[in-house]
Undergrad: 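Okay, handing you the structure first.
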Amino acid sequence: MSANLAIEMKNITMIFNKKIIANNKINLKVKKGEIHAIIGENGAGKSTLMSILFGMYTPTFGEIYINGQAQVITSPIKANNLGIGMVHQHFKLIDTYPFWKNISLGSEKTYFNIFVNKSETIKKISEIMIRYNLNIDLLKKPINSSVASQQKAEILKALYRDSDILIFDEPTAVLTPQEIEGFLEVLIALKKSGKTIIFITHKMAEIKKVADTATVLRNGEVVNSFNVADTDVEQFAQAMVGRKLKNIHNTYKEIRKDIVLKVENLSVLNQNNHKVEALKNFSLEVSKGEIVSIAGVEGNGQAELVNTITGLSKIKKGKIYVNNHLINKVSISKRYSKYRMSHIPEDRHKHGLVLDSDLINNMVLQDISSNKFSNFGFINFNAVQEYGQKIVEKYDVRNSQSGFAIARQLSGGNQQKAIVGRELERDSDLIIIFQPTRGLDIGSIEFIHSQIINAKNSGKAILLVSYELSEVLALSDRVVVLNSGNKVGELIGKEINIDKIGLMMMGEKV
Ligand SMILES: Nc1ncnc2c1ncn2[C@@H]1O[C@H](COP(=O)(O)OP(=O)(O)OP(=O)(O)O)[C@@H](O)[C@H]1O
Ligand SMILES: [Mg+2]
């Protein structure tokens, strides 16, 4: 056993339900003190492998060595005791506990080993927050907080337990570009302080920036381990998806004004702080066959805009029309059915899928009582199955068991692909899209982008909110930039470029 290895996984195989081979004879070696990236397509087996290392699953067979010692890791508590911490792809915070309590849960500072010493606990967390520049309001609860704050809390939770080996499962998928920079600094700081890091990400630039080694998984097997400095992005892409990628781009043509969505002088309160307005007198139109993107730093009113259009939040002032109908007071479900709206939500677990239902059912959620799937109150199960399976297949949802897989059991990226497929394929006039490719692999992003452009070409009106500037650049006919709830300006067609958007995001008029 080589002494410089923090982790060695040997011949790890994980078979779910006696048939799904998520990991197949995987060998992984992680050196002490390195940042080791694990990459691969959605469903390749990354999260499963790390869940095994963290004691959440017992592998069907295989061995694990931590610091050269053979270990059977039967639970996360055992993993913690071995110095392993993990930040999960899907948050495991308790919604109704304040962050400080979530972060310290089970390891709080106490009086006499019994009573939780809140101020000491908060003090310890605050020290970590300052040290790694990870700021959140510790008294707030996850339920009232942004996705990014929740992710930070998860990171703090791992740091709080002072683990030597830290596993990060797609920590940057939910962070904004600005926050990602900060997070990568955190990783580098952790490495400097001697920790060993496993980092799962779909973003090649991040790997190039911080990782020493990258192991590529495909279909549950190791393709290869690369020394990052000697490998270029194309080589990684080729290893992951087994082919060259195309460059998808919207070719702008003048759009005839046939307005589907009209937002007039909209003011909305900030969803985390009802004392301030998140959107101020905001107006916007989206026409048939047009993709309008909202660009801006997260928290500048994007979420509130989407939530009021889809009916999740209240309007303070202003009007929203869809196909010339005022919808201010229309229920959420009617917006989907009668007013022909689709919505790809920001949080796929809260608003996207019924996790304990199978995929086929999830594909017809909003439309089950339409005459496409029901007749006089009787559901046409054949029609439902046929339709559900078609989408699952078209959108390449991996390991879907012909659509009968339970949504919860899919990998994160495959859940996302299913939601995107459902919403793009629905018979709608308007699609509200929030961060559609969050957590998707590069091959899937290419496909989803081409489908969004297809939807536009078929005449749908599309409102896209994305924090990925590359996505905004690839897809938009028009870009509207938001800053502090105000529209800074907009760019059309050939005017759209990254420098202008960047300046406008900081509030400058161009
Ligand atoms: N609890 C489970 N029961 C059944 N199948 C599962 C379970 N967990 C994972 N799988 C299957 O194992 C495969 C690997 O999933 P995993 O979550 O490890 O992928 P991943 O590489 O992390 O993908 P992503 O990039 O989308 O997060 C998937 O196809 C998934 O459907
Ligand atoms: Mg995963």
Side-chain angles (χ1 to χ4, degrees), residues 9 12-26 28 36-60 62 76 86-92 151 154 167-174 198-204 206-207 214-223 236-237 239-242 348-349 352-353 355-360 362 392-393 395-421 435-448:
M9 298 181 87
I12 295 286
T13 294
M14 182 75 210
I15 304 174
F16 287 112
N17 307 338
K18 299 204 169 113
K19 56 187 177 213
I20 302 168
I21 306 174
N23 290 163
N24 191 10
K25 300 193 191 123
I26 287 189
L28 175 73
H36 193 118
I38 306 230
I39 59 181
E41 290 179 301
N42 298 126
K46 306 178 295 293
S47 295
T48 302
L49 187 68
M50 289 306 112
S51 301
I52 290 171
L53 183 56
F54 194 58
M56 297 171 71
Y57 296 135
T58 307
T60 314
M86 179 163 179
V87 175
H88 296 278
Q89 184 167 8
H90 297 126
F91 315 134
K92 301 201 180 293
Q151 179 66 272
E154 290 278 13
I167 306 166
F168 292 94
D169 192 351
E170 292 195 44
T172 58
V174 289
I198 298 185
F199 176 31
I200 301 180
T201 180
H202 289 291
K203 296 176 193 164
M204 297 301 115
E206 296 172 3
I207 294 167
T215 295
V216 178
L217 301 188
R218 186 167 3 133
N219 293 328
E221 294 178 12
V222 173
V223 178
F236 283 131
M240 281 190 292
V241 295
R348 62 181 165 235
H349 278 179
L353 292 170
L355 285 172
D356 291 314
S357 186
D358 68 26
L359 267 177
I360 291 172
N362 269 291
V392 164
E393 204 166 299
Y395 284 80
D396 190 22
V397 180
R398 303 269 169 101
N399 273 333
S400 76
Q401 316 288 310
S402 309
F404 291 104
I406 302 299
R408 187 186 297 284
Q409 294 179 347
L410 293 181
S411 81
N414 282 300
Q415 293 175 351
Q416 179 71 3
K417 285 198 269 182
I419 295 173
V420 172
Q435 293 274 70
T437 55
R438 179 176 271 177
L440 294 194
D441 68 58
I442 47 182
S444 303
I445 290 175
E446 173 196 69
F447 176 73
I448 296 300

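Every number for a ligand or one of its atoms is a count from 1 in the order of the listing. Given the structure is predicted, the values throughout are model-derived calculations rather than measurements. Numbers here are sequence positions counted from 1.
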Undergrad: Return the residue, atom name and 0.1 Å-rounded distance of the protein heavy atom closest to atom 17 (O) of ligand 1.
TA: Ser411 CB, 3.3 Å

Undergrad: Go through ligand 1 atom by atom and flag the ones less than 4.0 Å from a non-hydrogen atom of Asn42.
TA: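 In order of number, 23 (O), 24 (P), 25 (O), 26 (O).
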
Undergrad: Find all atoms of ligand 1 within a distance of less than 4.0 Å from any non-hydrogen atom belonging to Leu410, and give their numbers and elements.
TA: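 Answer, ordered by atom number: 31 (O).
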
Undergrad: Taking atom types as modelled and ignoring hydrogens, do the side chains of Asn23 and Thr48 form a donor-acceptor contact shorter than 3.5 angstrom?
TA: no

Undergrad: What protein heavy atom sits nearest atom 27 (O) of ligand 1, and how far off is it?
TA: Gln89 NE2, 2.9 Å

Undergrad: At what distance is the nearest protein heavy atom to atom 16 (P) of ligand 1, and which residue and atom is it?
TA: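 It is Thr48 OG1, 3.5 Å.
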
Undergrad: So Met240 and His202, do their side chains get closer than 4.5 Å, heavy atoms only?
TA: no

Undergrad: Pairs of nitrogen or oxygen atoms closer than 3.5 Å, one from Leu49 and one from ligand 1: do any exist?
TA: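 No, no N or O pair falls under 3.5 Å.
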
Undergrad: Do any heavy atoms of Ala44 fall under 4.0 Å from ligand 1?
TA: yes

Undergrad: Ile20 to ligand 1: N or O pair under 3.5 Å?
TA: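 No, since none of the N or O atoms of Ile20 sits under 3.5 Å from an N or O of ligand 1.
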
Undergrad: Flag Asn17 as yes when one of its N or O atoms lies below 3.5 Å from any N or O atom of ligand 1, and as no otherwise.
TA: no

Undergrad: May I ask you to list the atoms of ligand 1 that are less than 4.0 angstrom from any heavy atom of His202?
TA: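 Listed by number with element: 25 (O).
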
Undergrad: Among Lys19, Gln409, Lys46, which one puts a heavy atom closest to atom 31 (O) of ligand 1?
TA: Gln409

Undergrad: Enter the distance from Ile442:CD1 to Thr437:OG1 here, rounded to the nearest 0.5 Å.
TA: 12.0 Å

Undergrad: What's the separation between atom CD1 in Ile406 and atom CG in Asn17, rounded to the nearest 0.5 Å?
TA: 9.5 Å

Undergrad: Are the side chains of Ile39 and Phe236 in touch, meaning some heavy atoms are under 4.5 Å apart?
TA: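 Contact flag for Ile39/Phe236 side chains = yes.
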
Undergrad: Flag the pair Gln401 / Gln409 as yes when at least one side-chain heavy-atom distance between them is below 4.5 Å, and no otherwise.
TA: no

Undergrad: Taking the side chain from Asn362 and the backbone from Leu353, do they hold a donor-acceptor pair closer than 3.5 Å?
TA: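 Checking the backbone N and O of Leu353 against the side chain of Asn362, no donor-acceptor pair under 3.5 Å is found.
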
Undergrad: With a 4.5 Å heavy-atom cut-off, do Gln415 and Leu355 have their side chains touching?
TA: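 Touching, per the 4.5 Å side-chain cut-off.
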
Undergrad: List ligand 1 atoms under 4.0 Å from Gly412, heavy atoms only on the residue side.
TA: 26 (O), 27 (O)

Undergrad: Tell me, do Glu41 and Ser444 make a side-chain contact under 4.5 Å, heavy atoms counted?
TA: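 A side-chain contact under 4.5 Å is absent here.
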
Undergrad: Can you confirm whether Leu28 sits close enough to Val222 that some side-chain heavy atom of one is under 4.5 Å from a side-chain heavy atom of the other?
TA: no

Undergrad: Please examine the side chains of Met14 and Tyr57, heavy atoms only from C-beta on, and report whether any two atoms are closer than 4.5 Å.
TA: yes

Undergrad: Would you say Glu41 touches ligand 1, if touching means a heavy atom closer than 4.0 Å?
TA: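 Flag set, Glu41 near ligand 1.
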
Undergrad: Does an N or O from Arg398, backbone or side chain, lie closer than 3.5 Å to an N or O of ligand 1?
TA: no

Undergrad: Looking at atom 29 (O) of ligand 1, what's its closest protein heavy atom, distance included?
TA: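 Sorting protein heavy atoms by distance from atom 29 (O) of ligand 1 puts Asn399 ND2, 2.5 Å first.
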
Undergrad: Evaluate the side-chain proximity of Gln416 to Asn42: yes if any heavy-atom separation is below 4.5 Å, no if none is.
TA: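 A side-chain contact is absent here, since even the closest heavy-atom pair is not under 4.5 Å.
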
Undergrad: Rounded to the nearest 0.5 Å, how far apart are CG of Asp169 and CD1 of Ile167?
TA: 9.0 Å

Undergrad: With nothing but distance in play, are any N or O atoms of Phe16 less than 3.5 Å from an N or O of ligand 1?
TA: no

Undergrad: Please indicate whether any nitrogen or oxygen in Gly43 is less than 3.5 Å from any nitrogen or oxygen in ligand 1.
TA: yes

Undergrad: Is the Mg ion (ligand 2) less than 2.8 Å from an N/O/S atom of Ser47, whether that atom is in the backbone or a side chain?
TA: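 Given the 2.8 Å cut-off, Ser47 counts as a ligand of the Mg ion (ligand 2).
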
Undergrad: Which residue holds the protein heavy atom closest to atom 1 (N) of ligand 1, what is that atom called, and what is the gap in Å?
TA: Tyr57 OH, 3.5 Å

Undergrad: Does Glu170 have a heavy atom less than 4.0 Å from any atom of ligand 1?
TA: yes

Undergrad: Closest non-hydrogen protein atom to atom 12 (O) of ligand 1, residue and atom name please, with distance?
TA: Ala22 CB, 3.3 Å

